[in-house]
Number of protein chains: 2
Amino acid sequence: MFAGCAPVTPPVRIGDKWTAKIIRCLQDGPRRYSELKVPLTGITPKVLTESLRSMERDGLLTRTAHPGIPPKVVYELSPLGHSLVEPLDTMCAWSRANLPKVLSARDAYDLT
Amino acid sequence: MFAGCAPVTPPVRIGDKWTAKIIRCLQDGPRRYSELKVPLTGITPKVLTESLRSMERDGLLTRTAHPGIPPKVVYELSPLGHSLVEPLDTMCAWSRANLPKVLSARDAYDLT
DNA sequence: CCGGATCCCAGACGATACTG
DNA sequence: CAGTATCGTCTGGGATCCGG
């Protein structure tokens with residue numbers, strides 16, 4: 001789940017490339033598949049589907065298919081998924097606040 | 001840094017397998033290389049060295065080599081590194097509290 | 001004691017094309 | 001619209017051995 005707690009239960013969900021972003025996209029309410037693809041710029045359908053399925057398996061969100069033409073599938077955060085929003089915000093806040101320091105530390109290090 | 005904030009600045013530090021654990025090992029004071037290897041069960045010397053170098057480059061810790069035989073190298077968290085302790089604790093607390101739920105959600109999902 | 005050098009692999013991620 | 005299928009890539013990390 002989260003690598004900071006030993007041992008990691010695969011697959012690593014938090015800390016992978018997309019899980020956190022997907023949760024952010026869903027935190028204000030349910031969304032359809034195509035409504036997720038837009039803000040998640042660069043994600044391919046395969047990876048989006050994989051991620052959603054895996055998060056559904058972990059109980060972070062629910063998938064509801066409304067049959068018909070055209071198909072309509074809605075994803076919604078579960079209470080468990082919602083409980084992740086705040087920890088994620090904490091991490092993102094740190095990242096936003098400190099990324100400049102990290103970057104300049106890298107520059108300084110690479111100079112030598 | 002942290003994948004939840006787009007776009008990710010490689011390499012991904014937080015969320016990789018060892019960074020969070022190394023910070024936890026150093027949060028109560030400086031430690032030598034060999035003192036890190038013990039609690040980080042399973043880590044190979046190569047990976048430990050790589051991780052420490054990379055974190056040093058990012059300004060998360062400092063490396064101080066005391067010359068002599070035998071060599072003695074001390075690693076210590078920088079203020080920037082220390083500032084990560086609390087966000088990390090938040091994530092770990094979530095993981096500890098909710099891992100059972102995730103695991104049982106997986107079991108339920110796999111039954112179908 | 002503290003690593004560097006080398007080789008290797010699995011699994012995450014992406015590109016592209018196709019379908020009920 | 002909401003996915004599958006197939007294939008290729010790339011990198012984090014492990015195994016093992018060697019050196020100052």
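So that the names make sense, note that chain A is the first sequence line, chain B the second, and so on, each numbered from 1.
- Using a 3.5 Å distance cut-off with no hydrogens or angles, the side chains of A:Asp107 and A:Ser104 do not pair a donor with an acceptor.
- Of the candidate nucleotides C:dG4, D:dG13, D:dT4, D:dG13 has the atom nearest to the side chain of B:Trp18.
- Among the nucleotides D:dG14, C:dC1, C:dG3, the one closest to the side chain of B:Pro70 is C:dC1.
- The CG atom of B:Leu36 sits 13 Å away from the C1' atom of C:dC1 (whole-angstrom rounding).
- Rounded to whole Å, the distance from CG on B:Leu40 to C1' on D:dG13 is 14 Å.
- No donor-acceptor pair under 3.5 Å is formed between the side chain of B:Thr90 and the backbone N or O of A:Pro87.
- Here the P atom of nucleotide C:dA12 and the NZ atom of B:Lys17 are 13 Å apart, to the nearest Å.
- Phosphate contact (OP1/OP2 of C:dG3, side-chain N/O of B:Tyr75, threshold under 4.0 Å): present.
- Closest to the side chain of B:Thr44, out of D:dA15, C:dC2, D:dG3, is D:dA15.
- Comparing D:dG3, C:dC13, C:dC2 against the side chain of B:Val73 picks out C:dC2 as the nearest.
- The separation between B:Leu48 atom CG and C:dG4 atom C1' is 13 Å, rounded to whole Å.
- Rounded to whole Å, atom C1' of C:dC2 lies 14 Å from atom CD of B:Glu56.
- For B:Lys46 and D:dG14, a side-chain-to-base donor-acceptor distance below 3.5 Å is present, hydrogens and geometry of angles not being considered.
- Between A:Ser34 and the phosphate of D:dA2, there is a side-chain N or O to OP1/OP2 separation shorter than 4.0 Å.
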Go through A:Thr49 and A:Tyr33 one step at a time and tell me if the side chain to side chain donor-acceptor pair (under 3.5 Å) criterion holds.
CA-CA 9 Å; A:Thr49 302; A:Tyr33 185 88; 3.2 Å; yes
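- Classification of A:Arg24 and A:Asp89 as a salt-bridged pair holds, one side-chain N sitting under 4.0 Å from a carboxylate O.
- Contact check, B:Arg32 against C:dC2: a side-chain N or O comes under 4.0 Å of OP1 or OP2.
- Taken together through direct or relayed side-chain contacts under 4.5 Å among Ile, Leu, Val, Met, Phe, Trp and Tyr, B:Leu48 and B:Val74 form parts of separate hydrophobic clusters.
- Look at B:Tyr33 and you won't find any side-chain N or O under 4.0 angstrom from OP1 or OP2 of C:dG4.
- Take the nearest nucleotide of DNA chain C for A:Glu50 and for A:Pro71: the residue whose nucleotide is more 5' is A:Glu50.
- The nearest whole Å value for the distance from the CZ atom in B:Arg63 to the P atom in C:dG4 is 7 Å.
- Distance CD1 (A:Ile69) to P (D:dA2): 12 Å, rounded to an integer number of Å.
- In this structure, A:His66 places its NE2 atom 19 Å from C1' of C:dG20, rounding to the nearest Å.
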